[in-house]
Number of protein chains: 2
Amino acid sequence: MLDIKPDPYIALCPSRQIIAVIGDKWSLLVIPLLLEGPMRNAELMRAIEGISQKMLTQTLKRLEEYNLVIRQDYGEVPPRVDYRLSPLGLSLAQVIGTLDNWVIENFDAMTQTQKQA
Amino acid sequence: MLDIKPDPYIALCPSRQIIAVIGDKWSLLVIPLLLEGPMRNAELMRAIEGISQKMLTQTLKRLEEYNLVIRQDYGEVPPRVDYRLSPLGLSLAQVIGTLDNWVIENFDAMTQTQKQA
DNA sequence: CTGGATCCTCGATGATACTG
DNA sequence: CAGTATCATCGAGGATCCAG
């Protein structure tokens with residue numbers, strides 16, 4: 001087995017790309033949302049205020065590519081499709097959830113006394 | 001005390017802005033770096049391959065605004081300035097470090113079998 | 001309902017040059 | 001060394017229309 005650790009501090013290391021995927025504004029919101037269970041396109045649109053259809057689709061697609069989200073198409077008509085976390089995605093969601101919570105908890109501290117003259 | 005929790009899922013909530021700050025590509029790299037101790041501009045430039053002077057400055061400035069990083073100017077000449085994590089930043093760095101490590105650990109899983117036809 | 005394809009704009013980012 | 005200012009570019013992202 002390889003023991004070459006990816007190092008995002010090196011410009012060419014693909015792991016930096018991953019950081020970009022995860023650090024993505026919308027991914028950071030979509031992933032924890034799916035902790036609550038499978039969601040459909042329209043549901044996600046409603047849950048995440050301000051996201052455009054385009055970005056949602058794009059985000060989901062990318063998350064699927066990286067094995068974080070599973071897209072399930074029921075092949076019905078009218079179309080029914082939902083998205084859920086893969087095991088890998090679930091694992092990541094925990095971490096991101098922690099991050100989100102940190103933000104929520106420390107929001108005041110971050111914004112207060114900003115440059116208190 | 002207020003008990004109104006910030007909710008990044010609401011478009012207008014300022015917490016979303018915070019998510020953006022933290023989720024930022026460069027912030028995600030700078031913050032954990034400072035865990036190793038105070039660093040100077042040039043050091044950071046060297047440590048983070050590919051970052052431009054402009055983005056580094058901009059990133060540091062923003063982190064300082066949000067009370068995550070402390071900028072110390074020794075007022076010497078030639079100029080000597082270094083940056084270190086604030087207590088708040090230190091706390092955040094732990095979380096982000098976890099995220100980064102997750103990426104490093106699960107890098108293979110994310111990229112392997114991508115669309116294994 | 002899901003989401004693909006287009007057009008268009010604006011802002012983020014990099015490169016460069018300059019100052020203290 | 002630290003940092004600002006300027007310019008030019010490129011691509012992210014939104015709005016819209018269309019289709020299965």
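Here is the naming used below: chain letters follow the sequence lines, and residue numbers restart at 1 for every chain. Source: prediction; values computed, not measured.
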Novice: Write down the distance between OH (A:Tyr74) and P (C:dG3), rounded to a whole number of angstrom.
Specialist: 13 Å

Novice: Considering all heavy atoms of both residues, which atom of B:Ser27 and which atom of B:Pro32 are nearest to each other, and what is their separation?
Specialist: O-CD, 3.9 Å

Novice: Under 4.0 Å between any heavy atoms, over every strand shown, what does B:Tyr83 touch: base, sugar-phosphate, or nothing? Just pick one.
Specialist: sugar-phosphate

Novice: Using a 4.0 Å heavy-atom cut-off, does B:Lys25 contact any base of the nucleic acid, only the sugar-phosphate backbone, or nothing at all?
Specialist: nothing

Novice: Let me know the distance between CG of A:Asn41 and C1' of D:dG20, rounded to the nearest Å.
Specialist: 15 Å

Novice: Identify, between B:Lys61 and A:Arg62, the residue whose nearest nucleotide on DNA chain D lies closer to the 5' end.
Specialist: B:Lys61

Novice: So do the side chains of A:Leu92 and A:Leu88 get within less than 4.5 Å of each other, counting heavy atoms only?
Specialist: no

Novice: Please report, rounded to the nearest Å, how far the C1' atom of D:dG3 is from the CD atom of B:Gln53.
Specialist: 6 Å

Novice: Could you state the CG-C1' distance from B:Leu60 to D:dG3, rounded to the nearest angstrom?
Specialist: 11 Å

Novice: Quick check: do A:Ile104 and B:Ile18 have side-chain heavy atoms less than 4.5 Å from each other?
Specialist: no

Novice: Using the rule that two of Ile, Leu, Val, Met, Phe, Trp, Tyr join whenever any of their side-chain heavy atoms come within less than 4.5 Å, decide whether A:Met55 and A:Leu33 are in one cluster.
Specialist: yes

Novice: What is the distance, rounded to the nearest whole Å, between atom CZ of A:Arg71 and atom C1' of C:dT2?
Specialist: 8 Å

Novice: Would you indicate what B:Arg40 reaches in the nucleic acid, counting non-hydrogen atoms under 4.0 angstrom: base, sugar-phosphate, or nothing?
Specialist: sugar-phosphate

Novice: By nearest heavy atom, map B:Ala42 and B:Lys54 onto DNA chain D; which one lands nearer the 5' end?
Specialist: B:Ala42

Novice: Can you see if the side chain of A:Ser52 gets near the phosphate of D:dG14 - specifically, an N or O under 4.0 Å from OP1 or OP2?
Specialist: yes

Novice: Measure the distance from CG on A:Leu56 to C1' on C:dG3 and round it to the nearest whole Å.
Specialist: 10 Å

Novice: For A:Ile22, run the side chain to side chain contact (heavy atoms under 4.5 Å, CB included) check against A:Ile96, A:Leu99, A:Val95 and tell me which one passes.
Specialist: A:Ile96

Novice: Rounding to an integer number of Å, can you tell me how far A:Glu43 CD sits from C:dG3 P?
Specialist: 13 Å

Novice: How long is the line joining CD of B:Gln58 and P of D:dT6, in whole Å?
Specialist: 16 Å

Novice: Taking the side chain of A:Thr57 as its heavy atoms from C-beta onward, which of D:dG13, C:dT13, C:dG4 lies nearest to it?
Specialist: C:dG4

